[in-house]
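Note that the numbering runs from 1 along the sequence shown for the chain.
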Amino acid sequence: GFVWIGGNGNDDQSLKFTQAGKVVMQIGKCGLKKTNADTKNLWEPADVFVYAKTNELFVADGYGNKRIIVFDADTGAFKRMWGAFGSVPTDDPPAPEGGQPMGPDGAPQFVPPVHAVKVSTDGLVYVGDRGGRRVQVFTIAGKFVNQVFIGRECHAPDCGNGQTAAGLAFSPDPEQRYLYVANRSQAQIMVFNRKTLEFLDGFGSWGSGTGQFGTLHHLSVDSKGNLYTAEVTPLKPENRRVQKFTFTGFVPMPMVTKNK
């Protein structure tokens, strides 16, 4: 029942509030030099997720750093952290995945911003590597499992800023069969089989109309399965908005048959 926010700009904090607005805990301090080795401070964190089974806070850190960092959700004590492919996060400049592809596996580090993090009920950590144009999947301990590229053909300036995987959400069924990904520069919500990362469907286009998107930023799903999207287009006030998509039910998973 707590509310968590991530401070961007020069705040560099994750704050925990009661629903009445009382500050309960602060992780990180402003005005300090930030590095990927610092276990007490953050650098422009972009997203947080509390995993109830382990009572841990997962932070996508973020616009400045290039890592997932985990804290105790009650005490704020540091637990562990990792970078792309489960490696040690470093302060070296990341490969410019948004400009030039870096081979079949992509950049060896996360490419800032590391913009979204969600943990599934079966204990897999999904990370939206927005600059790297991919979603990477890890165990709770940070071991790399799999990845899927999101709009890897998208390059700036012909395709927005060339960044894609901005927001993540799961379908509301107990198995969380579907993964929703907010594709920033291509203005689409993409739907994947969460376990296999097979692309299934997508919807949306650039624009300000109903069901269109301008600079997708984050996603959320409520307890009834309704999907909420956040847009942050700076030059179009009508796209500084939240849209709600009503959940109407599941359709059967696509069946792939092989010709004999």
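Within the structure, every pair that satisfies the ring-ring contact (aromatic ring centres under 6.0 Å, His included) test and touches residues 207-232, not counting sequence neighbours, is listed here: His115-His217, His115-His218, Phe213-Phe245. Within the structure, no pair that satisfies the ring-ring contact (aromatic ring centres under 6.0 Å, His included) test touches residues 10-49, not counting sequence neighbours. The side-chain hydrogen bond (donor to acceptor under 3.5 Å, both in side chains) analysis of residues 22-32, with sequence neighbours excluded, yields no pairs.
Lys66 has no carboxylate O lying under 4.0 Å from a charged side-chain N of Asp129, or vice versa, which leaves the two without a salt bridge.
By the rule that hydrophobic residues join a cluster once side-chain heavy atoms approach within less than 4.5 Å of another member, Met190 and Tyr126 end up as members of one cluster. With hydrophobic clusters built from ILVMFWY side chains whose heavy atoms lie under 4.5 angstrom apart, Val127 does not share a cluster with Val148. One hydrophobic cluster, built from ILVMFWY side chains closer than 4.5 Å, cannot hold both Val181 and Phe203; they sit in different ones. In the hydrophobic clustering of this structure, Leu15 does not group with Leu57; members are Ile, Leu, Val, Met, Phe, Trp, Tyr whose side-chain heavy atoms approach within less than 4.5 Å, directly or through other members. Note on Val88: it does not cluster hydrophobically with Ile69, by side-chain heavy-atom contacts below 4.5 Å among ILVMFWY residues.
Residues that satisfy the side chain to side chain donor-acceptor pair (under 3.5 Å) test with Glu231, not counting sequence neighbours, are Asn239, Arg241, Gln243. Every residue was checked against the side chain to side chain contact (heavy atoms under 4.5 Å, CB included) condition with Asp158, not counting sequence neighbours, and none meets it. Scored by the salt bridge (charged side-chain N to carboxylate O under 4.0 Å, His left out) test, Asp122 finds Arg194 as partners (sequence neighbours excluded). For Thr54, the side chain to side chain donor-acceptor pair (under 3.5 Å) partners two or more places apart in sequence, or in a different chain, are Glu56. Judged as a side chain to side chain contact (heavy atoms under 4.5 Å, CB included), and not counting sequence neighbours, Lys33 has no contacts. Applying the side chain to side chain donor-acceptor pair (under 3.5 Å) test to Thr139 and every residue at least two apart in sequence or in another chain returns nothing. Asp74 pairs by the salt bridge (charged side-chain N to carboxylate O under 4.0 Å, His left out) definition with Lys16, not counting sequence neighbours. With sequence neighbours excluded, the residues forming a side chain to side chain donor-acceptor pair (under 3.5 Å) with Ser171 are Asp173, listed by chain and number. Applying the disulfide (SG to SG under 2.5 Å) test to Cys159 and every residue at least two apart in sequence or in another chain returns Cys154.
A donor-acceptor pair under 3.5 Å links the side-chain atoms of Gln19 to the main chain of Gly1, judged by distance alone. Not one N or O on the side chain of Asp61 forms a donor-acceptor pair closer than 3.5 Å with the backbone of Ile68. For Asp91 (side chain) and Asn36 (main-chain N/O), a donor-acceptor pair under 3.5 Å exists by modelled atom type. Checking side-chain atoms of Trp206 against main-chain N and O of Ser185 turns up a donor-acceptor pair under 3.5 Å. Side-chain atoms of Gln176 come within 3.5 Å of backbone atoms of Thr121 as a donor-acceptor pair (strictly under, hydrogens ignored). Between the side chain of Arg133 and the backbone N or O of Arg152, at least one donor-acceptor pair lies under 3.5 Å. Arg134 contributes a side-chain N or O that, together with a main-chain N or O of Ala107, makes up a donor-acceptor pair within less than 3.5 Å.
Contact annotation: the side chain of Gln136 approaches that of Phe85 to within less than 4.5 Å [non-hydrogen atoms, C-beta and beyond].
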Evaluate Asp201 against Tyr178 for side-chain contact (heavy atoms from CB on, under 4.5 Å), listing each step before the verdict. CA-CA 10 Å; Asp201 204 353; Tyr178 303 106; over 6 Å; no
Decide yes or no on side-chain contact (heavy atoms from CB on, under 4.5 Å) for Cys30 and Gln13, but give the supporting numbers first. CA-CA 7 Å; Cys30 62; Gln13 301 160 5; 4.1 Å; yes
TODO: Dump the intermediate steps for side-chain contact (heavy atoms from CB on, under 4.5 Å) on Ile27 and Val59, then the final yes or no.
DONE: CA-CA 10 Å; Ile27 298 175; Val59 182; 5.9 Å; no
Exercise. Could you walk me through whether Thr229 and Leu216 pass side-chain contact (heavy atoms from CB on, under 4.5 Å), step by step?
Key: CA-CA 7 Å; Thr229 63; Leu216 276 166; 3.9 Å; yes
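For the atom pair CZ (Phe2) and OG1 (Thr18), the distance works out to 7.5 Å, reported to the nearest 0.5 Å. Atom CG in Asp12 sits 4.0 Å away from atom NZ in Lys34 (nearest 0.5 Å). In this structure, OG on Ser220 lies 12.0 Å from OH on Tyr180, to the nearest 0.5 angstrom. With rounding to the nearest 0.5 angstrom, the CG atom of Leu200 is 11.0 Å from the CZ atom of Arg177. From Lys244, atom NZ reaches atom CG of Asn226 across 4.5 Å, with rounding to the nearest 0.5 Å. Put simply, OG1 on Thr35 and CG on Asn65 are 6.5 Å apart, with the number rounded to the nearest 0.5 Å.
Residue Lys79 qualifies as enclosed at atom NZ: its count of foreign heavy atoms under 6.0 Å is above 12.
In this structure, Met81 and Thr39 approach most closely via the heavy-atom pair CE-CG2, 4.3 Å. Contact detail for Asp47 and Lys118: the closest heavy-atom pair is OD2-NZ, 3.2 Å. Contact record, Val111 with Gly132: CB-N, 3.5 Å, taken as the closest heavy-atom pair. In terms of heavy-atom proximity, Thr164 sits nearest to Gly151 at CG2-O, 3.8 Å. Closest approach of Val50 and Ala73 over heavy atoms only: CG1-CB, 4.3 Å. Heavy atoms only, all atoms of each residue included: Leu197 and Val137 are closest at CD1-CG2, 4.0 Å.
Defined by atom type and a distance below 3.5 Å, a donor-acceptor pair is present between the side-chain atoms of Gln163 and Arg130.
Exactly one of Ile140, Leu124, Val70 qualifies for a side-chain contact (heavy atoms from CB on, under 4.5 Å) with Val119. That residue is Ile140.
Below 30°, between 30° and 60°, or above 60°: for Phe138 and Trp82 the angle between ring planes is between 30° and 60°, a tilted geometry.
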